[in-house]
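Structure first, then comments.
Here the structure is a predicted model, which is why all the values come from computation and not from measurement.
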Amino acid sequence: MDRWTPSLVEAHLSEAAFVLKRLPEPRLRGYFSTWPEIIHSFADQVGQEPKRMRVLPSPQAISRMEQTLTWTAGLDPVDGKIVWLRAYGYRWREVCRAVGLQRASAHHHWVYSLCLIAHRLNNRRLNPRLSMQQVIDLARADDPAL
């Protein structure tokens, strides 16, 4: 990327959450079954729901996800939680309940966090005395869709 915008950051975080959902569950080592695989007859399968096929993510998607996981490390814990809940597709009502903020305040924290991540990825130094709104306004100059 030559220029990171908050919209691109949001898309990458959503992709990382999607990849995390598709990864296989971790298994305990040393446990296995000695029972033979059960072969179902046609009559057994008539009333059953078909098994959902699990498509594993590509290695490139996993490496992009691993890079994305470090982006929220420097954020306030509440802001990081809001960012990841939104990346996983939670509705604002659920996000507000989880972090204890009103919807407008939670949205403001979310936009601020995306802007802060975009500034860091662009290697821009921000004055620590800037308010949340000033950081958002700086990002709006780069991304009018924000």
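- What you find for Q134 and S131 is that their closest heavy atoms are OE1-N, 2.9 Å.
- Under the 4.5 Å side-chain contact rule for hydrophobic residues, L138 and V111 share a cluster.
- For the atom pair CG of L13 and OG1 of T72, the computed distance is 7.5 Å after rounding to the nearest 0.5 Å.
- Although no hydrogens or angles enter the test, the distance criterion places a donor-acceptor pair under 3.5 Å between the side chain of E94 and the main chain of R91.
- The distance from the SG atom of C96 to the CD1 atom of I82 is 7.5 Å, given to the nearest 0.5 Å.
- Counting non-hydrogen atoms of neighbouring residues, nucleotides and ligands closer than 6.0 angstrom, the CD atom of Q102 reaches no more than 12 such neighbours.
- What you find for I136 and C115 is that their closest heavy atoms are CA-SG, 4.0 Å.
- Annotation: the span from L69 atom CG to Q67 atom CD amounts to 10.0 Å, rounded to 0.5 Å.
- Between atom OG of residue S58 and atom CD of residue Q60 there is a gap of 4.5 Å, rounded to the nearest 0.5 Å.
- Of the possible polar contacts, none joining the N122 side chain to the R124 backbone as a donor-acceptor pair under 3.5 Å is found.
- A continuous path of Ile, Leu, Val, Met, Phe, Trp and Tyr side chains, each step under 4.5 Å between heavy atoms, connects L8 with L121, placing both in one hydrophobic cluster.
- The shortest side-chain heavy-atom distance between L23 and I62 falls under the 4.5 Å cut-off.
- The aromatic rings of Y88 and Y90 sit perpendicular to each other, their planes meeting at more than 60°, with 30° as the lower class boundary.
- Between V9 and V83 there is no side-chain heavy-atom pair separated by less than 4.5 Å.
- Cluster membership check: M65 does not share its hydrophobic cluster with L56, using side-chain heavy-atom separations under 4.5 Å among Ile, Leu, Val, Met, Phe, Trp and Tyr.
- Placement of F18 and V95 in two distinct hydrophobic clusters is found when ILVMFWY residues are connected by side-chain heavy-atom separations under 4.5 Å, directly or transitively.
- Atom NZ of residue K81 and atom CG of residue L101 lie 10.5 Å apart, to the nearest 0.5 angstrom.
- In this structure, W4 has its ring center at least 6.0 angstrom away from the ring center of H119.
- Aromatic rings from W84 and W71 are positioned such that their centres are separated by 6.0 Å or more.
- For the pair R97 and W92, the cation does not sit on the ring face, since its NZ or CZ is not both under 6.0 Å from the ring centre and inside 45° of the axis.
- Rounding to the nearest 0.5 angstrom, the gap separating the CD atom in E10 from the CZ atom in R86 is 7.5 Å.
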key: Worked verdict on Q48 versus V46 for side-chain contact (heavy atoms from CB on, under 4.5 Å)   = CA-CA 6 Å; Q48 293 182 1; V46 168; over 6 Å; no
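- The nearest pair of heavy atoms linking P6 to A118 is N-CB, 3.9 Å.
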